[in-house]
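First up is the structure itself, then whatever we jot down about it.
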Protein chains: 2
Amino acid sequence: MTENPAEQAITSADKTFYQLRRDIVEGVVAAGSKLSEADLAGRYNVSRAVIREAISRLESCHLIERKANVGAKVVGLSEQGLTELYQVRESLEGMAARLAAINMTDEEIEKLQDLLSSHFKTVKTGETYYQEAGDVDFHYRIILGSKNQHLINLLVNGLYHLIRMYRVQLGMAGPRVTTAFDEHKHIVQAIANRDAELAEMLMRRHIQYTQRNLASKLTSN
Amino acid sequence: MTENPAEQAITSADKTFYQLRRDIVEGVVAAGSKLSEADLAGRYNVSRAVIREAISRLESCHLIERKANVGAKVVGLSEQGLTELYQVRESLEGMAARLAAINMTDEEIEKLQDLLSSHFKTVKTGETYYQEAGDVDFHYRIILGSKNQHLINLLVNGLYHLIRMYRVQLGMAGPRVTTAFDEHKHIVQAIANRDAELAEMLMRRHIQYTQRNLASKLTSN
DNA sequence: AAACCTAAGATTGTCGACAATATCTAACGC
DNA sequence: GCGTTAGATATTGTCGACAATCTTAGGTTT
């Protein structure tokens, strides 16, 4: 559904990688479970070579861990893991917001404001699917707006899938919709004002709030 | 020389990966050059399978780039690449310093101060090899002191090799030794005072200075 | 009964061969 | 002469088999 169109699979390993990644993020392959190469080769109808290739790439995303001569395991979800992940996210996305305030074009900022307006309408009608698609879209635009390829890779190809894995498997975020909207609005304002310092600070606080919201769910489960 | 003892190669792909990584960082394999699998297989006396494995891991370190059905190339060094890299580094190591101020044990902080003292003696005698070994050692301790495994992985296994590649191939840092020492001292003080906010700020400024120092060399070459 | 060795089974690591794709070369048509 | 196309060559992707290593089960010893 929310597939990145840029990610078109051209080789067989690509396809297997994307599918396996989705299955891990969505929990079809359980968190913490062991990945047998022969097993997966049979399940996805490919040779062990492409499975190894896919596993190798999944390791880059921090979705699995490998030990030599032993095998690969899906990462486990824990409160500490979530905390660590969000500390990194806070750091990187804060920098992304700072750079976006400097590097986004006026046109891009306008479109970002348009996106926000459309979200506002959606929130008013009470639809709550906002969180998943809209929130990700918002953050992606700012990340891409940083124009820093390193940062973009790290976040889009690296951390975001793990973040999504936590979101999906702990149940999507709850009643924070309207308050998150205000935070988004202030971040966009700071970017529009070309106030890099403030944009970074607001983004960091926004992510801190999000983390606390998720963490409260984790402990109450 | 400055090999991380934790990185012992147990499989053949490990050995090839470490060696190829070193060759890339040191410039034995030229930046920007194409990597032919058959070529490397012959040069390192291993099968193409282990070369592919090694290449796959090097991609995780951001040291090479791959395109399907075309091949792998060593990343190129550019001023923009350096800027982007240091923006990410500033962000992540800033967070590392913040967390180190919170999570390092009193004992670890004492040892960090000892390290600083020994550096002070070295600087006074005018030895300049400080930069390479000592500086890396200093930063590593703070990174590890964050106790955030994500952050540690991203920096130690990811960005630091690329940073080293820039350092090595643009000539090691120059006359900034004594002024860098003062910056280090203030960072340690902030950590010892458990002042997370200040530690992050000082680390970020320290890294900004370092970047400018490197960038000036790049343009003058 | 607990700890330790041993052998069998299962899993990952490595290899060489074949298939699919891209790149280069040269001939052809306009 | 230049662009285009077709074939030849080289490179990467995929596969199945074998080797090396780990894990498990069973038996032996203390």
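Just so you know, these numbers come straight off a predicted model, no measurement behind them. Letters A, B, ... mirror the listed sequences (proteins, then strands); counts begin at 1.
A:Lys67 has its side chain out of reach of A:Lys73: every pair of non-hydrogen atoms, C-beta onward, lies at least 4.5 Å apart. Counting heavy atoms from C-beta outward, B:Val88 and A:Leu92 have side chains that approach closer than 4.5 Å. B:Arg164 has its side chain out of reach of B:Tyr160: every pair of non-hydrogen atoms, C-beta onward, lies at least 4.5 Å apart. For the pair B:Lys15/B:Val46, no side-chain contact is recorded, criterion being any heavy-atom separation below 4.5 Å from C-beta on. Residues A:Asn153 and B:Glu84 have side chains not in contact (no heavy-atom distance under 4.5 Å, counting atoms from C-beta outward).
Phosphate proximity of D:dT12 to B:Arg52: absent, as no side-chain N or O sits under 4.0 Å from OP1 or OP2. Here A:Lys67 does not reach the OP1 or OP2 of C:dG13: none of its side-chain N or O atoms lies under 4.0 Å away. Contact between the side-chain N/O atoms of B:Lys34 and the OP1/OP2 oxygens of D:dT12 is found at a separation under 4.0 Å. Taking only side-chain nitrogens and oxygens, A:Thr11 never comes nearer than 4.0 Å to OP1 or OP2 of C:dT21.
Listed candidates were C:dT12, D:dG13, C:dA22. Nearest to the side chain of B:Arg66 is D:dG13. Among the nucleotides C:dT11, D:dT12, C:dA22, the one closest to any side-chain atom of B:Ser36 is D:dT12.
When rounded to the nearest whole Å, the span between CG of A:Asn69 and P of D:dT23 equals 9 Å. As a whole-Å value, the separation of A:Lys73 NZ from C:dT11 P is 16 Å. Here C:dT12 presents its P atom at 14 Å from CD of A:Glu59, a figure rounded to the nearest Å. Atoms OH (B:Tyr44) and P (C:dT14) sit 16 Å apart, rounded to a whole Å. A:Glu65 places its CD atom 18 Å from the C1' atom of C:dT12, with the value rounded to the nearest Å. Between A:Glu53 atom CD and D:dG13 atom P there is a gap of 7 Å when expressed in whole angstrom units. As a whole-Å value, the separation of A:Ile64 CD1 from C:dT12 C1' is 13 Å. The nearest whole Å value for the distance from the CD atom in B:Glu37 to the C1' atom in C:dA19 is 15 Å.
Among the heavy atoms of the strands lying under 4.0 Å from B:Leu35 are primed sugar atoms or P, OP1, OP2 only; no base atom is included.
A salt bridge links A:Arg89 with A:Glu93: at least one charged nitrogen is closer than 4.0 Å to a carboxylate oxygen.
Heavy-atom distances to DNA chain C give each of A:Ile10 and A:Ala68 a nearest nucleotide, and the one nearer the 5′ end belongs to A:Ala68. For A:Val70 and B:Ala38, each mapped to the nucleotide of DNA chain D holding its nearest heavy atom, the one lying further toward the 5' end belongs to B:Ala38.
Ring pair A:Phe138/A:His184 is parallel by interplanar angle, where below 30° counts as parallel and above 60° as perpendicular.
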Every protein N/O within reach of nucleotides 15-17 of chain C N/O, cut-off under 3.5 Å:
from   : atom 1 : to      : atom 2 : distance (Å)
C:dC15 : OP2    : B:Ser47 : N      : 2.9
C:dC15 : OP2    : B:Ser47 : OG     : 2.9

Atom pairs, protein N/O to nucleotides 7-9 of chain C N/O, distance under 3.5 Å:
none

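Side-chain contact annotation: A:Arg205 with A:Tyr209, donor-acceptor N/O pair under 3.5 Å present. Donor-acceptor pairing under 3.5 Å is recorded for the side chains of B:Glu90 and B:Gln208.
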Extract all donor-acceptor atom pairs below 3.5 Å that involve side chains of residues 104-116 of chain A and protein atoms in other chains or at least two apart in sequence.
from     : atom 1 : to       : atom 2 : distance (Å)
A:Thr105 : OG1    : A:Glu108 : N      : 3.0
A:Thr105 : OG1    : A:Glu108 : OE1    : 3.4
A:Asp106 : OD1    : A:Arg194 : NH2    : 2.7
A:Glu108 : OE1    : A:Thr105 : N      : 2.9
A:Glu108 : OE1    : A:Lys147 : NZ     : 3.4

